[in-house]
2 protein chains.
Amino acid sequence: MNVRVYQGLSLGEYREVLEKAVREHKLVLVLTTCSVDYEGRGASTLGEGERVIIIKRDWAFLIHRPNGYSPVNWQPQSSVIDFEVEGGLLVIKAVRSRPREIVTVRASDVSLVVVADMSDKAEFVEYVSEHEIRDLIARNPSIIGEELKITSIEKPVEPGFVDLYGIDSNNRIVVIELKRVTATKEAVNQLHRYVVAVKKSLGRRDVRGILVAPSITKSALEYLERLGLEYKQLNLKQLRRILEEEKKTKSEKKSGANLLEFFRKR
Amino acid sequence: MNVRVYQGLSLGEYREVLEKAVREHKLVLVLTTCSVDYEGRGASTLGEGERVIIIKRDWAFLIHRPNGYSPVNWQPQSSVIDFEVEGGLLVIKAVRSRPREIVTVRASDVSLVVVADMSDKAEFVEYVSEHEIRDLIARNPSIIGEELKITSIEKPVEPGFVDLYGIDSNNRIVVIELKRVTATKEAVNQLHRYVVAVKKSLGRRDVRGILVAPSITKSALEYLERLGLEYKQLNLKQLRRILEEEKKTKSEKKSGANLLEFFRKR
DNA sequence: GGCTAAATCTCGTGC
DNA sequence: GCACGAGGTTTAGCC
């Protein structure tokens, strides 16, 4: 990694360095005393204080305060980043075109600028996502303690997509809504919407709605029961164990079948 | 701002510097070649590559790749940050207790460490939020072209909170759901939920549901009309003008009051 | 601490 | 390019 550190320059000199670094799509860090204005979908102002500015190679633009996870101001991807010295201040403008938004930094002092060549081609692998859980249950519905035949994944119905759709051992239609986190009223409502839509489109009354989640809020459970829907608890630890097992087996077999596509094509 | 820059140290020396800086709640930046594992609500692995690590004064922990707005891994607030040198690697563990999550960084190389004393006490003022729009309409319902008397803000009903609640000129109950961005089916659904709940709790059928938003998706509008609900377009620019005006008047009044106090104290 | 909903949400995916 | 939904969402507000 090629890293350059700049300290003790004049604002004009910093401007030169920053302008060149950004033009060359380097990664840039700026430690600065500044105020910030934002104007776009919303609007904000931030008084003077000490912050870290990160400008990424794709011109993502982040302003971080000394505390907290979130940047105080940002631009997910800027179309223009402009540096000017005006009235004793280094003014940085990060502009985004769609939606039209602008972040303006007014730096009275720059303590440090770091310019780095960075390369990162590594693969990011995430697991235990809702997708993965969904496909696992589709392959093996007994996980949720039901004798089901899953016939569709992400089945489109009027108000959206049903996570899992199938038939139980009594030939009743089953609509499943899946959450990988605590289910709230929103989730109950989503399920209810789908059940109503399926009932209507099929002209059948014997449609079961099952909410599958690791946990559910008390009021959501009450709401769900009042609507005649069901809740099945999901054991995430067990699921992860099964997924781990499958992954091992899969990497041995090296099978590349896409379950979603498989179901779609039927 | 007191800034210290470290380069060319051994991993063991870096460990010392980082350990001390974090213990003293300094802001820390690390440019490093590393791999990352995450295990908690979800799980992920990331192969070796060049990244920026930010450790904030409150032990928020962010790992950024050279591109994109989002950190690839993070800890909103760590309870423990631990540094060890193991097998030629600097291993950084950031642990969060609730929920139990752990991010593990394995650094094969450190290019730069920056340790900074940073102070930022400035106020962050955000405007044109849903709150502000809500309160403005509450004060002046004619903005949405209706003769309304608003009687409640954020009225709690069974499934959640009604943004604005009131009575129209024909004595019909009005439930208003507000969005500051394009309204989707989700918003329609939210409104529908509230209208159903209010109808039920009052035993009245003459309850109007109005979705107020700057725009609405086509399918959401169809859905809304099918449910017998209404949509009112919001002119954000006009709203912002009014808010600006009000703010000016308010600050004049405020400074006037301060002036009054000032004179009283003499 | 639980619950509810907003967010300059961002990001991926499908049409 | 829009629409829709997930997210390790995070954050704020209220009880």
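These numbers come from a predicted model, not from an experiment. Here is the naming used below: chain letters follow the sequence lines, and residue numbers restart at 1 for every chain.
Atom C1' of dG5(D) sits at a distance of 13 Å from the matching atom of dT9(D), rounded to the whole Å. On the C1' atoms, dT11(D) is 14 Å away from dG7(D), given to the nearest whole Å. Look at the P atom in both dA6(C) and dA6(D): the space between them is 16 Å, to the nearest Å. Nucleotides dA7(C) and dC11(C) place their C1' atoms 14 Å apart, quoted to the nearest Å.
Heavy-atom distances under 4.0 Å link DNA chain D to Arg41(B), Gly42(B) of residues 41-53 of chain B, given in residue order. Near DNA chain C, meaning a heavy atom under 4.0 Å from it, residues 126-135 of chain B has Glu126(B), Ser129(B), Glu130(B) in order of number. Residues from residues 55-72 of chain B lying near DNA chain C, meaning a heavy-atom separation below 4.0 Å, are Tyr69(B), Ser70(B) in numerical order.
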Side-chain donor-acceptor pairs under 3.5 Å in residues 70-77 of chain B, sequence neighbours left out?
residue: Asn73(B); atom: ND2; partner: Ser44(B); partner atom: OG; Å: 3.3
residue: Gln75(B); atom: NE2; partner: Ala94(B); partner atom: O; Å: 2.8
residue: Gln75(B); atom: NE2; partner: Glu101(B); partner atom: O; Å: 3.4

Counting only pairs under 3.5 Å, give me each side-chain donor-acceptor contact of residues 211-218 of chain A, with atom names and distances, residues two or more places apart or in other chains.
residue: Ser215(A); atom: OG; partner: Thr182(A); partner atom: OG1; Å: 2.8
residue: Thr217(A); atom: OG1; partner: Ala220(A); partner atom: N; Å: 3.2

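Within the structure, salt bridge (Lys or Arg N to Asp or Glu O under 4.0 Å) contacts touching residues 182-202 of chain B (residues at least two apart or in different chains) are Glu186(A)-Arg193(B), Arg193(A)-Glu186(B). Within the structure, ring pair (Phe, Tyr, Trp, His ring centres under 6.0 Å) contacts touching residues 38-66 of chain A (residues at least two apart or in different chains) are His25(A)-Trp59(A). Sorted pairs that involve residues 69-82 of chain B and meet salt bridge (Lys or Arg N to Asp or Glu O under 4.0 Å), not counting sequence neighbours, are lacking altogether.
Between Glu130(B) and Leu178(B), the closest heavy-atom pair is OE1-O, 3.0 Å.
Residues satisfying the side chain to side chain donor-acceptor pair (under 3.5 Å) criterion with Arg139(B), sequence neighbours excluded, are Glu246(B). Checked against side chain to side chain donor-acceptor pair (under 3.5 Å), Glu230(A) has the following partners two or more places apart in sequence or in another chain: Arg208(A). Residues forming a side chain to side chain contact (heavy atoms under 4.5 Å, CB included) with Glu48(B) (at least two apart in sequence, or on another chain): Thr33(B), Ser108(B).
Of all nucleotides in DNA chain D, those with any atom nearer than 4.0 Å to a heavy atom of chain A start and finish, going 5' to 3', at dG1(D) to dT11(D).
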